[in-house]
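Below is one structure; the comments refer to it alone.
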Amino acid sequence: MKKIGSFTVDHLKLLPGIYVSRKDQVSNAIVTTFDLRFTRPNFEPVMGTGAVHALEHLCAYYLRNHPEFGSKIIYFGPMGCRTGFDLVMNGDYELILLI
């Protein structure tokens, strides 16, 4: 069985930061998934529920209303492990700065 790329990352060494976690071919387009990691996986404390919920709404609002990238946002939401967020965008990206 083919390994999932994100499952090959050593989560004990993964530090907070912004990473391109995967790129997928969808029809004739590339979809890029970013890993916005706020805390280290497998280390306490994880993000509190209130912080996750507030950041989810603030970031989703900002991203979807961004003049250049807003129309390219497919998904923004929290990781189940509460260490950060996934940002999925239509397009082939490396790291981008959304200011």
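Ile73 and Phe34 fall within the same hydrophobic cluster, where Ile, Leu, Val, Met, Phe, Trp and Tyr residues are linked whenever their side-chain heavy atoms come under 4.5 Å apart, directly or through other members. Residues Ile30 and Val88 fall into different hydrophobic clusters, defined by Ile, Leu, Val, Met, Phe, Trp and Tyr side chains chained together at heavy-atom separations under 4.5 Å. Leu63 and Val52 fall within the same hydrophobic cluster, defined by Ile, Leu, Val, Met, Phe, Trp and Tyr side-chain heavy atoms under 4.5 Å apart, directly or through other members. Taking hydrophobic clusters as Ile, Leu, Val, Met, Phe, Trp and Tyr residues chained together by side-chain heavy-atom distances below 4.5 Å, Val31 shares a cluster with Tyr75.
Listed here is the closest heavy atom pair of Asp35 and Ser21: CB-CB, 4.0 Å. The two atoms that bring Phe76 and Leu55 nearest to each other are CE2-O, 4.0 Å, heavy atoms only. Across all their heavy atoms, Thr83 and Val46 have their closest contact at CG2-CG1, 4.4 Å. In this structure, Gly84 and Phe38 approach most closely via the heavy-atom pair CA-CD1, 3.9 Å. The nearest pair of heavy atoms linking Tyr19 to Leu15 is OH-O, 2.7 Å. Taking both residues in full, the closest heavy atoms of Ile74 and Asn90 are given as CD1-N, 3.6 Å, listed atom of the first, atom of the second, then distance.
For the pair Asp86 and Met79, the minimum side-chain heavy-atom distance is below 4.5 Å. A 4.5 Å side-chain heavy-atom check between Phe85 and Met47 finds at least one atom pair inside the cut-off. At least one side-chain heavy atom of Thr49 sits less than 4.5 Å from a side-chain heavy atom of Arg82.
Here the side chain of Glu56 pairs no donor or acceptor atom with the backbone of Leu58 at under 3.5 angstrom.
His57 is linked by a side-chain contact (heavy atoms from CB on, under 4.5 Å) to His53, counting only residues two or more places apart in sequence or in another chain.
Atom CD of residue Glu44 and atom OG1 of residue Thr39 lie 8.5 Å apart, to the nearest 0.5 angstrom. Atom CZ of Arg40 sits about 11.0 Å away from atom NZ of Lys13, to the nearest 0.5 Å.
Relative ring orientation between Tyr93 and Phe69 is described as perpendicular, the plane-to-plane angle rising above 60° on a 0-90° scale split at 30° and 60°. Between Tyr62 and His66, the ring planes lie perpendicular to each other; the angle is over 60°, past the 30° to 60° tilted range.
For the 3.5 Å distance criterion, the side chains of Arg22 and Thr33 fail to qualify, holding no donor opposite an acceptor.
Annotation for Phe43: atom CZ counts as buried by contact number, over 12 foreign heavy atoms lying within 6.0 Å.
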